[in-house]
Trainee: 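Got a structure for you, written out below as structure tokens; questions coming shortly.
Chain naming here is simple, since letters A, B, ... match the order of the sequence lines and numbering starts at 1 in each.
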Amino acid sequence: MTVRVRFAPSPTGYPHIGNIRTVVFNWLYARQQQGTFVLRIEDTDRERYVDDALHVITDSLTWLGIDYDEGPGVGGDYGPYVQSRRLQLYQDAAETLVAQGKAYRCNCSKERLDAVREAMRAEGKTPMYDGLCRDKPAGAVAQDEPHVIRLKVPREGLTTFHDVLRGDISFENALIDDQVLLKSDGYPTYHLAVVVDDHLMEISHVMRGDDWIPSTPKRILIYEALGWEPPTYVHVPLVLGPDGRKLGKRHGATSVDEFRRQGYLPEALLNFLALLGWAPGEGDEQEIFSREELIARFDIHRINLSPAVFSYDKLDWMNGVYIRNLSPDELLVRLIPFWTDAGLIPTPVPVEILRTLEILVPLVQERLKTLKDVVELTDFVFQEVPVPTLEALMPKNMSAEQSLEAIRATQRLLSGLVQFTAEEMEPRMRALATELGLKAGPLFGIVRNAVTGKQVSPPLFGSLQAVGRARTLKRLEVAERVLTAHLG
RNA sequence: GGCCCCAUCGUCUAGUGGCCUAGGACGCUGGCCUCUCAAGCCGGAAACGGGGAUUCGACUUCCCCUGGGGCCA
């Protein structure tokens, strides 16, 4: 059997990271089985429609490297792939069921439905439609008067479906409402549209969050009424926030686009998501997987059953691993947008600044958890730094006189260098420390504070090289003045 | 509230009756390295929710409870 799976988002905004994890599972399965991955847009809820959401969705998928074989923009033999252009198909399906007596027209008013529900609730029962129109003779509600079409759900028995991961799951029909299939405006309800589309698009596996389990019997009943074979269901666990609740807006960064802007690498995010609820097992302890390895090794039968908490800590670690594994050239390319977005460098990047960036990249590579971290780490190269405080210039056990002497000696040393490079500086500065009777640490610390304006910086001499001789000396002068002023 | 799903370190997980004195990873933590911070290396603390049943033997099978989550209202 050919595997055909789909991602069917509503165009209501940025795809959510929890849903994307499920998309990753679908996509990995499709690629591994050499099946087809379909993108379908479920836009029948016209009120929630967000303009341009389609692009947001496809951009997110593209960025993550999730490609699709059929869908809006790429075509396919099962189109259209946008539900609002398939309305006739849903109407036909609903009318067929009415003609066969498996569904019926219902013209109950909203007021009556509310009253019915209220009454049932008062009795302590689950509010459901009472079936008034169900028992009317066929044709009692005319086709041209406002009405909805409801499914005639069996009043007794069980509806059972098979889930690949959990086995058979059953629900009592008596608890399932005579669900509306077609609304009075001719639009399908969500479940009817999905069933019709999945069937017509020959979707073989429906892999979705397990929060959909309770609605599955409704769909099975529609399949049965239409005489169609349901797909294979794989309900995967939800992704939870750190508070143990279904991951949502309240948990901060949750859209793919936000992760991109925060400086996560798509390959790291993909790796991380694939491991949320899945592991290779069999004693294998590998955690870093390339895209190809994930495709080859993914196994839907090994998807965990329990929900997984999204760990930003682990994602940060994994992102750092991926950053360290990049070549310096590749890292530079990925870093540039973050420098420009922060306003530290102009676009396009002038050649002399590019040289500086090339110096910086190896210095920051193993210090980055996210690409965005580079901004805070290297801003001193592109901006003025604050005047250093006295404390910053006076390490413990050092007097102001000693500090001043150290800074003046450093100024002389750096001005005299033939080449202003880290390689030239380091051995001489170490020798200088010895001459001054200091350890390297305190001396370097003074210079670091004076030139970078920070207690913590990338390796000192590379940083000085990036700042350049003129500005380095200027900043040392400022520090010198701070100390002379203090000494009066 | 009704129905449904789930249950190994704080988190992600390995484990499918004896290989478990429960393994790995993140995080936390002690140390080494070291110009700061990282990275790297070595070490540590940290879990089978509870009770029955099956079995010579249960993390692993079954039942109940508890807990968490979800859907509907």
Side-chain angles (χ1 to χ4, degrees), chain A residues 18 21 117-118 120-121 124-128 158-159 161 163 165-167 169-177 179 208-218 235-248 271-288 301-321 323-325 362-369 373 376-377 392 395 422 425-426 429-430 432-433 438-449 451-452 454-464:
Chain A
R21 198 284 314 265
R117 267 194 228 109
E118 204 44 58
M120 297 187 81
R121 204 168 314 169
K125 291 196 224 159
T126 305
M128 287 173 62
L158 294 175
T159 292
F161 68 93
D163 181 275
L165 300 174
R166 296 157 218 261
I169 301 175
S170 298
F171 290 82
E172 279 186 59
N173 291 334
L175 299 175
I176 301 173
D177 207 352
Q179 53 179 310
R208 21 121 77 155
D210 67 13
D211 48 342
W212 288 101
I213 289 177
S215 76
T216 307
K218 292 184 182 182
H235 287 98
V236 306
L238 295 177
V239 178
L240 274 27
D243 60 353
R245 323 245 352 210
K246 186 174 166 181
L247 196 64
N271 191 158
F272 176 76
L273 290 175
L275 257 36
L276 260 191
W278 173 79
E282 292 163 351
D284 193 325
E285 284 161 358
Q286 184 178 346
E287 303 224 60
I288 303 297
H301 299 285
R302 288 193 55 86
I303 295 173
N304 273 298
L305 262 33
S306 41
V309 174
F310 191 99
S311 165
Y312 289 88
D313 277 340
K314 187 147 188 177
L315 173 60
D316 282 350
W317 165 77
M318 193 172 279
N319 203 52
V321 171
I323 286 175
R324 275 170 248 132
N325 286 342
L363 303 182
V364 299
Q365 183 154 22
E366 64 192 24
R367 282 161 241 272
L368 299 175
K369 278 186 159 56
D373 287 344
E376 216 184 303
L377 217 48
M425 284 177 232
E426 178 155 359
M429 285 293 287
R430 286 190 187 283
L432 177 63
L438 295 172
K439 293 210 169 212
L443 173 64
F444 295 3
I446 295 169
V447 178
R448 165 175 291 111
N449 273 292
V451 180
T452 71
K454 296 172 193 285
Q455 296 271 62
V456 170
S457 80
L460 181 61
F461 303 109
S463 298
L464 299 190

Trainee: Checking all strands, does A:G277 fall into the base, sugar-phosphate, or nothing category for heavy-atom contacts under 4.0 angstrom?
Mentor: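 The residue A:G277 makes sugar-phosphate contact but no base contact.
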
Trainee: May I ask you to verify if any side-chain N or O of A:N304 is less than 4.0 angstrom from the OP1 or OP2 atom of B:A14?
Mentor: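 For B:A14, OP1/OP2 do have a side-chain N/O of A:N304 under 4.0 Å.
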
Trainee: Rounding to the closest angstrom, what is the interatomic distance between B:G44 and B:A25 at atom P?
Mentor: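 Here B:G44 and B:A25 have their P atoms 12 Å from each other.
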
Trainee: Do any side-chain nitrogens or oxygens of A:R117 fall under 4.0 Å of OP1 or OP2 in B:C72?
Mentor: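 Result: no.
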
Trainee: Between A:R367 and B:U36, does any side-chain N or O lie under 4.0 Å from OP1 or OP2?
Mentor: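 It does not, given that no N or O in the side chain of A:R367 lies less than 4.0 Å from OP1 or OP2 of B:U36.
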
Trainee: Going by the angle between their ring planes, with limits at 30° and 60°, are A:F444 and A:F461 parallel, tilted or perpendicular?
Mentor: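 Ring orientation of A:F444 relative to A:F461: perpendicular.
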
Trainee: Check this one for me: any side-chain N or O of A:R245 less than 4.0 Å away from OP1 or OP2 of B:G68?
Mentor: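 For A:R245, the contact criterion (side-chain N or O under 4.0 Å from OP1 or OP2 of B:G68) is not met.
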
Trainee: Is any side-chain heavy atom of A:N319 closer than 4.5 Å to a side-chain heavy atom of A:F272?
Mentor: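 With C-beta onward as the side chain, the pair stays apart.
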
Trainee: Using the C1' atom as the point on both nucleotides, what is the distance between B:U60 and B:A47, in whole Å?
Mentor: 15 Å

Trainee: When the nearest nucleotide of RNA chain B is assigned to A:Q455 and to A:L275 on a heavy-atom basis, which residue is associated with the more 5' position?
Mentor: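 It is A:L275 whose nearest nucleotide is closer to the 5' end.
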
Trainee: Could you let me know what B:C59 is paired to, Watson-Crick or G-U wobble, both distances under 3.5 Å, or none if it's on its own?
Mentor: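 Partner of B:C59: none.
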
Trainee: Measure from CG on A:D284 to P on B:A25 and round the result to the nearest Å.
Mentor: 13 Å

Trainee: With a cut-off of 6.0 Å (strictly less than), are more than 12 heavy atoms of other residues, nucleotides or ligands near NZ of A:K454?
Mentor: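 More than 12 heavy atoms, drawn from other residues, nucleotides or ligands, come within 6.0 Å of this atom.
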
Trainee: Have a look at A:G445 and say if it touches a base, only the backbone sugar-phosphate, or nothing, with a 4.0 Å heavy-atom cut-off.
Mentor: nothing

Trainee: Set out, in order, the CA-CA distance, both residues' side-chain angles and the distance that settles salt bridge (Lys or Arg N to Asp or Glu O under 4.0 Å) for A:R367 and A:E376, then state yes or no.
Mentor: CA-CA 11 Å; A:R367 282 161 241 272; A:E376 216 184 303; over 6 Å; no

Trainee: For A:D211 and B:C72, give me the distance from atom CG to atom P, rounded to whole Å.
Mentor: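 After rounding, the gap between these two atoms is 9 Å.
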
Trainee: Students often get this wrong, so: under 4.0 angstrom with heavy atoms, is A:P280 touching a base, only sugar-phosphate, or nothing?
Mentor: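 Counting heavy atoms under 4.0 Å across all strands, no contact is made by A:P280.
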
Trainee: How far does the C1' atom of B:G51 sit from the matching atom of B:A39, given to the nearest Å?
Mentor: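 Looking at atom C1' only, B:G51 and B:A39 are 49 Å apart.
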
Trainee: I need the CG-P distance between A:L273 and B:C12, as an integer number of Å.
Mentor: 14 Å

Trainee: Report the C-alpha separation of A:K218 and A:D177 in whole Å, then their side-chain angles, then the decisive distance to 0.1 Å, and conclude whether the salt bridge (Lys or Arg N to Asp or Glu O under 4.0 Å) test is met.
Mentor: CA-CA 9 Å; A:K218 292 184 182 182; A:D177 207 352; over 6 Å; no

Trainee: Select base, sugar-phosphate, or nothing to describe what A:S457 touches, counting heavy atoms under 4.0 Å on all strands.
Mentor: base

Trainee: Look at the side chain of A:T452 and the backbone N and O of A:N449, then say whether any donor-acceptor pair between them is shorter than 3.5 Å.
Mentor: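 The answer is no, because no donor-acceptor pair under 3.5 Å joins these two groups.
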
Trainee: Work out how far the C1' atom of B:C37 is from that of B:G50, and round it to whole angstrom.
Mentor: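 About 47 Å, rounded to a whole number of Å.
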
Trainee: B:U34 pairs with which nucleotide, Watson-Crick or G-U wobble, both distances below 3.5 Å?
Mentor: none

Trainee: Taking the C1' atom in each of B:C48 and B:A58, what is the distance between them to the nearest angstrom?
Mentor: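 Those two atoms are separated by 11 Å.
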
Trainee: Classify A:L315 by what it touches in the nucleic acid, base, sugar-phosphate, or nothing, heavy-atom distance under 4.0 Å.
Mentor: nothing

Trainee: Is any N or O donor-acceptor pair between the side chain of A:R448 and the base of B:C35 shorter than 3.5 Å?
Mentor: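 By the distance-only test, yes, there is a pair.
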
Trainee: For the P atoms, the ones on B:C59 and on B:U21, what distance do you get once it is rounded to whole angstrom?
Mentor: 10 Å

Trainee: State, to 0.1 Å, how close A:S463 and A:L363 come at their nearest heavy-atom pair, and which atoms those are.
Mentor: N-CD1, 3.7 Å

Trainee: Any N/O pairs under 3.5 Å between the protein and nucleotides 1-4 of chain B? List them or say none.
Mentor:
none

Trainee: Is the closest basic N to carboxylate O distance between A:D211 and A:K246 below 4.0 Å?
Mentor: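 A:K246 and A:D211: salt-bridged.
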
Trainee: Under 4.0 Å: is that the gap between some side-chain N or O of A:K314 and OP1 or OP2 of B:U13?
Mentor: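 False: A:K314 side-chain N/O out of range (4.0 Å or more) of B:U13 OP1/OP2.
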
Trainee: Rounded to whole Å, please give me the gap between CZ in A:F461 and P in B:U36.
Mentor: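 One finds 11 Å between P of B:U36 and CZ of A:F461, rounded.
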
Trainee: What is the pairing partner of B:C28, taking Watson-Crick or G-U wobble pairs with both distances under 3.5 Å in any strand?
Mentor: B:G44

Trainee: Hey, does A:P459 reach any base, or is it just sugar-phosphate, or nothing, if we go heavy atoms under 4.0 Å?
Mentor: base

Trainee: Using atom CZ of A:F444 as one end and atom P of B:A38 as the other, report the distance to the nearest whole Å.
Mentor: 19 Å

Trainee: Can you tell me the base-pairing partner of B:U21? Count Watson-Crick or G-U wobble geometry only, both distances below 3.5 Å, and say none if there is no partner.
Mentor: none

Trainee: Using the C1' atom on both, measure B:C28 against B:G10 and round to a whole Å.
Mentor: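 B:C28 and B:G10 have their C1' atoms separated by 9 Å.
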
Trainee: Provide, to the nearest angstrom, the distance between the CE atom belonging to A:M120 and the P atom belonging to B:C72.
Mentor: 18 Å

Trainee: Please produce a list of atom pairs where a protein N or O lies less than 3.5 Å from an N or O of nucleotides 28-31 of chain B.
Mentor:
none

Trainee: Can you tell me, in whole Å, how much space there is between the P of B:A46 and that of B:C41?
Mentor: 24 Å

Trainee: So which one's nearest nucleotide on RNA chain B is more toward 5', A:R324 or A:R21?
Mentor: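 Going by which nucleotide is closer to the 5' end, it is A:R21.
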
